[in-house]
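Following this message is one structure expressed as structure tokens.
Index from 1, following the sequence. These numbers come from a predicted model, not from an experiment.
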Amino acid sequence: MACSSMITLSRPTLSPSPSSSSSTAPSFLPPNPLCHVTTLRRFRTFRSKSLSSSKKQLSAVSASASLQALVFDCDGVILESEHLHRQAYNDAFAHFNVRCPSSSSSDESQQPLNWGIDFYDQLQNRIGGGKPKMRWYFGEHGWPISTIFEKPPEADEDRVKLIDTLQDWKTERYKEIIKSGTVEPRPGVLRLMDEAKAAGKKLAVCSAATKSSVILCLENLIGIERFQSLDCFLAGDDVKEKKPDPSIYLTASNRLGVSPRDCLVVEDSVIGLQAATRAGMSCVISYTSSTAEQDFKDAIAIYPDLSNLRLKDLELLLQKVVPAS
């Protein structure tokens, strides 16, 4: 099926202050060719009209698709978690006093790296996985000094150690946030999972995040019984390439024993949508505040959440997918 091109991150010309938490979008991130700008009100009006018609269609690999497997992303779909991840990253940067040379000065009081809200929204919508995010950022802004390395690491093995150390600490911090009991699943998720299992459909979760953090999220948010009943569970550790590469969904299809055309993916972002469609799977979008203005033209349906969506609605959507000519 026809798919969008992979996003290319060009070299920046401007850099934000590492401690900035301004709501102004960072100018060094490249324009997103997959996005069109509109107000949230216009966006939701457009989406509402599109959904009410129920006539949006997507080219599929072959005809006679039937819903046999329902596949969920985790972050952004099962829980709205990106602000929690950003908090955990910034806590890690502060803990290890991470400071990048692109914004350094002789002032010893310089603050640790801090990813602002708008910057992180754009970053997480373009690069999947925590380690790739940090590798890209440090590659563009210079490798940092920290309590891990007093001088910017030059050898690749040292750079790997830096990123691994930061990611491990960030993951543990994220777990603490999830365990706090203040996080709940997004509306409609649990009901839809239960309907799928009751109807004999295969159920899977595929996340680009670290396996240990995803397991913790699922056990706390969907419950241990639902988690253990999943027919397939894959995390970023299980595949070599992150979304938008289709590897994670192709692997899920193989493990489930279900053809990609008979799988339906629930995603929240263009990156996840690309991964699904490149795997030959249809995809519905349950967008969040940070992904609401992305262009989801390749999705078969778009929703603000899953609260009013039933399994029978998804079955009808998949049946209406138009075979590729």
Quiz item: Where is the tightest heavy-atom contact between R99 and P112, given as atom of each residue plus distance?
Solution: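 Nearest heavy atoms, R99 then P112: CG-CA, 4.1 Å.
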Practice problem: Give the cluster check for M134 versus W136: same hydrophobic cluster or not, with ILVMFWY residues linked at side-chain heavy-atom distances below 4.5 Å. | Solution: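 Yes: a chain of side-chain contacts under 4.5 Å links M134 to W136.
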Quiz item: Looking at F119 versus Y137, is the centre-to-centre ring distance below 6.0 Å?
Solution: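 Here the rings of Y137 and F119 have centres that are less than 6.0 Å from each other.
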Quiz item: Does L70 belong to the same Ile/Leu/Val/Met/Phe/Trp/Tyr cluster as L316, with side-chain heavy atoms less than 4.5 Å apart forming each link?
Solution: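 Unlinked, L70 and L316 end up in two clusters.
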Quiz item: Taking NZ, NE, NH1 and NH2 as the nitrogens, is one of them in R226 or D194 under 4.0 Å from a carboxylate oxygen of the other?
Solution: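 D194 and R226: salt-bridged.
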Self-check item: H85 and Y174 aromatic ring geometry - parallel, tilted or perpendicular at 30°/60° bounds
Solution: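 Rings of Y174 and H85: parallel, under 30°.
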Self-check item: Any side-chain heavy-atom pair of V270 and F296 under 4.5 Å
Solution: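 They are in contact (side-chain heavy atoms under 4.5 Å apart), so the answer is yes.
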Quiz item: Does a side-chain heavy-atom distance below 4.5 Å link E195 with K312?
Solution: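 Answer no - side chains too far apart.
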Quiz item: Excluding sequence neighbours, so at least two apart, what forms side chain to side chain donor-acceptor pair (under 3.5 Å) with H83?
Solution: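 Not a single residue meets the side chain to side chain donor-acceptor pair (under 3.5 Å) criterion with H83.
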Quiz item: Going through the distances and angles, do S207 and D73 end up as a side-chain contact (heavy atoms from CB on, under 4.5 Å)?
Solution: CA-CA 5 Å; S207 172; D73 178 30; 4.3 Å; yes
Exercise. Measure the shortest side-chain to side-chain distance between L113 and P144 over non-hydrogen atoms and say whether it is less than 4.5 angstrom.
Key: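 With C-beta onward as the side chain, the pair stays apart.
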Quiz prompt | Side-chain donor-acceptor contact under 3.5 Å, S290 with T288 | solution =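 There is such a pair (donor and acceptor under 3.5 Å, judged by atom type) between the side chains of S290 and T288.
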Quiz prompt | Distance-minimising heavy-atom pair for L306 and F72 | solution =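 So the two residues come closest at CD1-CE2, 4.0 Å.
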Exercise. Could you tell me whether D268 and R186 make a salt bridge, using a distance below 4.0 angstrom between a side-chain N and a carboxylate O?
Key: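 Judged by the 4.0 Å cut-off on N to carboxylate O distance, D268 and R186 do not form a salt bridge.
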Practice problem: Write down the atom of A65, the atom of D262, and the distance for their closest heavy-atom approach. | Solution: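 Minimum heavy-atom separation between A65 and D262: CA-OD1, 3.4 Å.
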Exercise. Provide the closest heavy-atom pair for I248 versus A235 in the form atom of the first, atom of the second, distance.
Key: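 That closest heavy-atom pairing would be CD1-O, 4.1 Å.
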Quiz item: Hey, is the main chain of P244 close enough, under 3.5 Å, to the side chain of Q274 for a donor-acceptor pair?
Solution: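 Not at all, since once roles are kept as given, no pair shorter than 3.5 Å links the two residues.
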Quiz prompt | Contacts of type side-chain contact (heavy atoms from CB on, under 4.5 Å), residue P152, not counting sequence neighbours | solution =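 side-chain contact (heavy atoms from CB on, under 4.5 Å) list for P152, sorted by chain: W143, I145.
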Practice problem: Could you tell me which non-hydrogen atom of L221 sits nearest to which non-hydrogen atom of L190, and how far apart they are? | Solution: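 Heavy-atom minimum between the residues: O-CD2, 3.9 Å.
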Practice problem: Answer yes if I215 and V205 sit in the same cluster of Ile, Leu, Val, Met, Phe, Trp and Tyr residues linked by side chain heavy atoms under 4.5 Å apart, and no otherwise. | Solution: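 Looking at the clustering, V205 is in the same group as I215.
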Quiz item: Quick one: are W115 and N90 in side-chain contact, heavy atoms under 4.5 Å?
Solution: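 Yes. Closest side-chain heavy atoms under 4.5 Å.
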Quiz item: With the threshold set at 4.0 Å, does a side-chain nitrogen-carboxylate oxygen contact exist between D156 and R135?
Solution: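 Judged by the 4.0 Å cut-off on N to carboxylate O distance, D156 and R135 do form a salt bridge.
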Quiz item: Is D237 reaching over with its side chain to a backbone N or O of K211, donor-acceptor style, under 3.5 angstrom?
Solution: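 Yes, the answer is positive, given that a donor and an acceptor are paired below the 3.5 Å cut-off.
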Quiz item: Are T251 and D238 close enough, and set up right, to give a side-chain contact (heavy atoms from CB on, under 4.5 Å), and what steps lead you there?
Solution: CA-CA 9 Å; T251 301; D238 296 313; over 6 Å; no
Quiz item: Under 3.5 Å, side chain of K197 to main-chain N/O of S229, donor-acceptor pair present?
Solution: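 Checked: pair present.
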Quiz prompt | Pair R86 + E82: basic N to acidic O under 4.0 Å | solution =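 Salt bridge: no.
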Quiz item: Sub-3.5 Å donor-acceptor pair from the side chain of K242 to the main-chain atoms of I127, do we have one?
Solution: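 Judged by distance alone, no pair lies under 3.5 Å.
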Practice problem: Could you tell me how the ring of F96 sits relative to the ring of W169: parallel (under 30°), tilted (30 to 60°) or perpendicular (over 60°)? | Solution: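 Ring orientation, 0 to 90° scale: perpendicular.
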Quiz prompt | Heavy-atom pair of closest approach, residues K201 and D231 | solution =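 So the two residues come closest at O-OD2, 4.0 Å.
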Quiz item: Below 4.5 Å, heavy atoms only, C-beta onward: do Q294 and L273 meet side chain to side chain?
Solution: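 No, their side chains stay 4.5 Å or more apart.
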Practice problem: Treat each ILVMFWY residue as a node, draw an edge where side-chain heavy atoms are under 4.5 Å apart, and state whether L230 and L264 are in one component. | Solution: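 Result: yes, single cluster for both.
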Exercise. Indicate yes or no for a side-chain donor-acceptor contact from R278 to the backbone of K243 under 3.5 Å, with no hydrogens or angles considered.
Key: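 Side chain of R278 to backbone of K243: no pair is present.
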Practice problem: Begin from the C-alpha positions of E157 and K161 and carry the test salt bridge (charged side-chain N to carboxylate O under 4.0 Å, His left out) through to its verdict. | Solution: CA-CA 6 Å; E157 62 182 15; K161 178 181 178 181; over 6 Å; no
Practice problem: Answer yes or no: is there a donor N or O on one side and an acceptor on the other, between the side chain of T210 and the main chain of S212, under 3.5 Å? | Solution: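 Side chain of T210 to backbone of S212, a donor-acceptor pair under 3.5 Å: no, none is there.
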Quiz item: Any side-chain heavy atom of C217 sitting closer than 4.5 Å to one from I78?
Solution: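 Of all side-chain heavy-atom pairs linking I78 with C217, none is under 4.5 Å.
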Quiz item: So, E176 and R173, do they make that salt bridge, N to O below 4.0 Å?
Solution: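 A salt bridge links E176 with R173.
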Quiz item: So, N220 side chain and L216 main chain: donor-acceptor pair closer than 3.5 Å or not?
Solution: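 Side chain of N220 to backbone of L216: a pair is present.
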Quiz item: For residues Y89 and Q124, is any side-chain donor paired with an opposing acceptor at under 3.5 Å?
Solution: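 No, Q124 and Y89 have no side-chain donor paired with an acceptor closer than 3.5 Å.
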Quiz item: Just how far is it from atom NZ of K179 to atom CD1 of I177, taken to the nearest 0.5 Å?
Solution: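 Answer rounded to 0.5 Å: 12.5 Å.
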